[in-house]
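The next block holds one structure in the form of C-alpha cells; read it before the comments.
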Amino acid sequence: MDQRPDLVQLSASICKYVYDAFIEHLNSVFKHLLPTNTALTPELVKRASAVVKPRWAIRDRMGSLLGTRRTSRKPEILQDRERIRSPSFKPTLDKTADFIIANFKAIINDGRSSSTGDVFEDKAAVGFSWLPSFVEQYRMRLQTNKWPRDVAAKQAEAAASRTEVETIKAELTLKKAMHEAFGLSPPAPSA
C-alpha cells in the first residue's frame, strides 16, 4: 500500500464497478500462467497479465476457424438444481431423507438422537416439575395482598369518579381547553 498508492486509489475508485467472480477467475488464469518452483517477481506477473488477452483471442480465433463454438454456461444455481434433480443424485437424497427422518423418529420414540445418542430434555416434564413451587409462591403472594373489605364502598367511589369525569367532559369545550392550555382567560360565554 505504501509503495503503490496509485493502485490503492484506483481500486478504491472502481470498487463498486468490479465483479468479484471475474477477478477471481482472472487470478486463477494468472496462477496457471506463472511458472512453478520460481520466485514470484513483478516482471513474471506483468508478463502473465500481458499474455492473457492475446491467448484468449488466439483460442477464440482457432475455435471459429475449426468450427467449434463455445456455448454459454448456465448459471451455477441452475446447474446445481439440475444435478440434484437428476436420477444419479437420487440415492444421495434418499439417504439424507432417511437420516433426517430416523432422527425425528428416534426423538419422538425415546427422546434420543440416533446420530449422536444425546438425550433431549423433555421440556413439559421440566415445566411440570417446577409447578408446585410456582403454585406455592403464588399462594404466598395472594395472602400478602390486601383485598378490599367493603366492595360496596369501592363501587360507590368508582361511580362518583365516573360522574365527575362526565361532568368535566360536559363543561369542557375545545375552545375552553385551548385557552386553559395556553394560559389565556376563558372565552366569554356566547349569548
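Both backbone and side-chain heavy atoms feed into the values below; hydrogens, waters and symmetry mates do not.
- Leu78 forms part of a hydrophobic cluster together with Ile77, judged by ILVMFWY side-chain heavy-atom separations under 4.5 Å.
- Under the rule for a side-chain contact (heavy atoms from CB on, under 4.5 Å), the partners of Val52 that lie at least two apart in sequence or sit in another chain are Leu26, Val29, Phe30, Leu33, Trp56.
- Separation of atoms NZ (Lys53) and CD1 (Ile58) is listed at 13.5 Å; rounding is to 0.5 Å.
- If you take CD on Glu24 and CG on Asn27, they are separated by 5.5 Å, rounding to the nearest 0.5 Å.
- Remark: Glu164 engages no residue in a salt bridge (Lys or Arg N to Asp or Glu O under 4.0 Å) (not counting sequence neighbours).
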Residues 87-97, side-chain donor-acceptor partners within the protein, below 3.5 Å, at least two apart:
{"unit_1": "Ser88", "atom_1": "OG", "unit_2": "Ser86", "atom_2": "OG", "d": "3.1"}
{"unit_1": "Lys90", "atom_1": "NZ", "unit_2": "Asp94", "atom_2": "OD1", "d": "3.3"}
{"unit_1": "Lys90", "atom_1": "NZ", "unit_2": "Asp94", "atom_2": "OD2", "d": "3.1"}
{"unit_1": "Thr96", "atom_1": "OG1", "unit_2": "Thr92", "atom_2": "O", "d": "2.8"}

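- For Glu136, the side-chain contact (heavy atoms from CB on, under 4.5 Å) criterion is met by Arg139, Met140, not counting sequence neighbours.
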Taking distance alone, no hydrogens or angles, what donor-acceptor pairs closer than 3.5 Å link side-chain atoms of residues 39-46 to residues at least two apart or in another chain?
{"unit_1": "Thr41", "atom_1": "OG1", "unit_2": "Leu44", "atom_2": "N", "d": "3.3"}

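- Take Phe134 and apply the side-chain contact (heavy atoms from CB on, under 4.5 Å) test, not counting sequence neighbours, and it matches Trp130, Gln137.
- For Arg162, the salt bridge (Lys or Arg N to Asp or Glu O under 4.0 Å) test picks out no residue, with sequence neighbours left out.
- Glu82 is linked by a side chain to side chain donor-acceptor pair (under 3.5 Å) to Lys74, counting only residues two or more places apart in sequence or in another chain.
- Within 6.0 Å of CZ on Arg81 lie no more than 12 heavy atoms contributed by other residues, nucleotides or ligands.
- Asp80 meets the side-chain contact (heavy atoms from CB on, under 4.5 Å) test with Glu76, Arg83; sequence neighbours excluded.
- By the salt bridge (Lys or Arg N to Asp or Glu O under 4.0 Å) test, Arg85 is found to be paired with no residue, residues two or more places apart in sequence or in another chain being considered.
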